[in-house]
Amino acid sequence: MQKGTVIGNVWATRKEDDLQGLKFLFIQPENPDRTPAGAPFIAVDRIGAGFGDQVIVTSGSAAANMSGEMKLPIDALVIGIIDSVDIDTKRGE
């Protein structure tokens with residue numbers, strides 16, 4: 001899993017039949033201090049995240065198996081909207 005922020009929406013009116021009804025978001029992966037941690041990517045969202053939300057994203061087979069019955073052709077899935085993050089800033093001293 002990784003943390004990121006929603007930086008945009010992706011609109012696709014034509015897509016694979018199994019993906020109909022799913023929302024796509026651009027996610028900027030982030031370090032705990034909110035600095036970027038790599039290139040933005042597209043994730044499926046079924047929980048209602050929106051622009052500016054901090055989210056938790058899972059990827060790989062966990063995302064592809066979200067429906068339980070069939071494997072979907074997706075690489076990343078939003079699984080949580082973050083309310084707050086607490087970091088121990090004295091760690092490592």
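Fair warning: this is a prediction, and the values are worked out from it, not measured in the lab.
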Could you state whether [X] and [Y] fall into the same hydrophobic cluster, counting links through intermediate Ile, Leu, Val, Met, Phe, Trp or Tyr residues with side-chain heavy atoms under 4.5 angstrom apart?
| X | Y | value |
| --- | --- | --- |
| I47 | V6 | yes |
| F26 | M1 | yes |
| V10 | I7 | yes |
| L25 | I42 | no |
| I79 | I81 | no |

L22 side, atom CG; K15 side, atom NZ - distance, nearest 0.5 Å: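 Going from the CG atom of L22 to the NZ atom of K15 covers 6.5 Å.
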Atom of [X], atom of [Y] and distance for their closest heavy-atom approach:
| X | Y | value |
| --- | --- | --- |
| A43 | L77 | CB-N, 4.3 Å |
| G4 | I27 | CA-CG2, 4.0 Å |
| P29 | P40 | CD-CA, 4.0 Å |

Full working for side chain to side chain donor-acceptor pair (under 3.5 Å) between T35 and E30: CA-CA 5 Å; T35 57; E30 296 176 336; over 6 Å; no
N31 side-chain N/O to D33 backbone N/O, donor-acceptor pair under 3.5 Å: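 Flag not set: sc N31 to bb D33 has no pair under 3.5 Å.
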Evaluation steps, side-chain contact (heavy atoms from CB on, under 4.5 Å), between W11 and T13: CA-CA 6 Å; W11 306 105; T13 55; 5.9 Å; no
Of all pairs that satisfy side-chain hydrogen bond (donor to acceptor under 3.5 Å, both in side chains), the ones with a partner from residues 19-28, not counting sequence neighbours: K23-D45
Only distances under 3.5 Å count here; give the side-chain donor-acceptor pairs of residues 50-63 to other protein atoms, sequence neighbours excluded, each with its distance to 0.1 Å.
| residue | atom | partner | partner atom | Å |
| --- | --- | --- | --- | --- |
| D53 | OD2 | G50 | N | 2.8 |
| Q54 | OE1 | K3 | NZ | 3.0 |

Candidate pair F24 and N9, rule side-chain contact (heavy atoms from CB on, under 4.5 Å), full reasoning: CA-CA 6 Å; F24 297 94; N9 292 298; over 6 Å; no
